[in-house]
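Quick notes on the structure that follows.
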Amino acid sequence: MRLVVVGASSGLGRCLGVGLTKRGAQTALLARRPANLAEAAKEAGPGTLAITCDVTDEASCTAAIDEAAAGLGGIDALIYATGVGPLVKLADAGPAIWRHAFDTNVTGAALITKAALPYLEASAGSAAYLSSVSASLTAPWPGLGVYAVSKAALDKLVEAWRVEHPAVGFTRVTVGDCTGGDGDSMTQFANGWDPELVGAVYPIWESRGYLSGTLLEVDELVRVVHAALDGHHLTGIPSLVVTPRPKAGA
């Protein structure tokens with residue numbers, strides 16, 4: 001499988017890029033930070049491509065995808081794992097916060113997909129996009145409304161691509177509580193959150209049952225995504241939900 005992982009320098013993107021490479025994929029890792037990207041490629045193993053890409057810039061997306069396709073000899077699968085989750089009350093969210101969330105979580109996914117589409121259609125390939133339980137399985141979480149709205153838009157974007165290009169397998173991957181791996185492989189989702197606001201909204205999340213009380217092992221996420229992408233020529237999987245089982249008695 002010739003695989004491109006976007007957002008692969010840290011967090012779940014890095015875990016998926018490294019984990020799927022170790023499961024046999026020929027991989028190109030894309031992200032903004034060259035140093036982190038180089039370390040991720042080194043961890044994944046020899047032959048892994050590290051390509052700098054800014055998903056908010058169309059020229060950067062096109063150049064990175066073309067470089068990945070040239071290095072891999074084509075593209076069979078794409079994973080869009082880039083995402084930001086600002087913690088902010090909707091009444092306090094200005095236009096810069098909204099633009100950043102949509103530029104990264106939605107528009108970036110559209111630009112990357114547009115660039116990869118000719119290669120994916122040539123291989124009858126697949127594209128997977130990491131989404132959130134707050135966009136589809138629960139009500140929006142207080143403080144994460146901007147994030148939930150952007151991820152709901154991403155979900156609809158995946159459906160729209162599927163309608164217009166049915167020869168490509170487009171999959172939404174809804175991920176529950178998962179912190180990733182160690183070091184740079186740990187999710188940086190909550191970096192920069194205001195501790196005072198966390199203290200105000202966390203009890204609400206807990207009281208509404210949004211938190212499972214357990215964490216999804218990242219190796220299990222890698223296993224499930226690998227199974228979905230590895231059989232891409234045979235199976236259409238519009239949606240996957242990968243969450244930890246709740247605590248016994250919860």
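These numbers come from a predicted model, not from an experiment.
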task: Show the numbers, then the answer: is there a side chain to side chain contact (heavy atoms under 4.5 Å, CB included) between Leu221 and Asp219?
output: CA-CA 5 Å; Leu221 175 63; Asp219 289 345; over 6 Å; no

Are [X] and [Y] connected in the hydrophobic side-chain network, where two residues link if heavy atoms are under 4.5 Å apart?
X: Val218; Y: Leu240; result: yes
X: Trp161; Y: Leu229; result: no
X: Val88; Y: Leu144; result: no
X: Phe170; Y: Tyr80; result: yes
X: Val158; Y: Val225; result: no

For residues [X] and [Y], report the shortest heavy-atom separation together with the two atoms involved.
X: Ala41; Y: Ala50; result: CB-CB, 3.9 Å
X: Ala68; Y: Ala28; result: CB-CB, 3.7 Å
X: Gly17; Y: Val5; result: CA-CG2, 3.9 Å
X: Pro142; Y: Tyr210; result: CD-CE1, 4.2 Å
X: Cys61; Y: Cys53; result: CA-SG, 3.9 Å
X: Leu154; Y: Val106; result: N-CG2, 4.1 Å

Keeping the roles fixed (side chain from [X], backbone from [Y]), state whether a donor-acceptor pair exists under 3.5 Å.
X: Ser150; Y: Tyr147; result: yes
X: Trp141; Y: Ala148; result: no
X: Lys22; Y: Gly45; result: no
X: Ser60; Y: Asp54; result: yes
X: Ser207; Y: Ile204; result: yes

State, with a plain yes or no, whether a side-chain heavy atom of [X] is found less than 4.5 Å away from one of [Y].
X: Phe102; Y: Ile97; value: no
X: Leu29; Y: Val6; value: no
X: Leu49; Y: Thr27; value: no
X: Arg23; Y: Met1; value: no
X: Leu16; Y: Leu130; value: yes
X: Arg172; Y: Pro238; value: no
X: Val175; Y: Leu12; value: yes
X: Leu3; Y: Gln26; value: no

query: Is the number of heavy atoms from other residues, nucleotides or ligands within 6.0 Å of CD (Glu121) greater than 12?
result: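 Count over threshold, so yes.
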
Are a donor atom and an acceptor atom from the side chains of [X] and [Y] found within less than 3.5 Å of each other?
X: Ser9; Y: Asn36; value: no
X: Thr82; Y: Arg32; value: no
X: Thr56; Y: Asp103; value: no
X: Tyr119; Y: Asp76; value: no

Roughly how far, to the nearest 0.5 Å, is [atom2] of [Y] from [atom1] of [X]?
X: Ile79; Y: Thr171; atom1: CD1; atom2: OG1; result: 10.0 Å
X: Arg223; Y: Leu20; atom1: CZ; atom2: CG; result: 12.0 Å
X: Ile75; Y: Ser123; atom1: CD1; atom2: OG; result: 8.0 Å
X: Glu67; Y: Ile51; atom1: CD; atom2: CD1; result: 4.0 Å

- prompt: Taking it one step at a time, do Leu111 and Thr62 satisfy side chain to side chain contact (heavy atoms under 4.5 Å, CB included)?
  reply: CA-CA 8 Å; Leu111 295 177; Thr62 300; over 6 Å; no

message: If we check side-chain hydrogen bond (donor to acceptor under 3.5 Å, both in side chains) with Tyr129, which of these qualifies: Asp155, Asn105, Thr113?
response: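 It is Thr113, the one option of Asp155, Asn105, Thr113 that forms the side-chain hydrogen bond (donor to acceptor under 3.5 Å, both in side chains) with Tyr129.
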
Salt bridge present between Glu159 and Arg162 (N-O < 4.0 angstrom):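 Looking at Glu159 and Arg162, the cut-off is not met.
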
- prompt: In terms of side-chain geometry, is the basic nitrogen of Glu39 or Lys42 positioned less than 4.0 Å from the acidic oxygen of its partner?
  reply: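 Answer for the salt bridge query: no.
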
message: So if I apply the side-chain contact (heavy atoms from CB on, under 4.5 Å) rule between Leu87 and each of Val201, Val146, Asp194, which one comes out positive?
response: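 That would be Val201; it is the only one of Val201, Val146, Asp194 passing the side-chain contact (heavy atoms from CB on, under 4.5 Å) with Leu87.
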
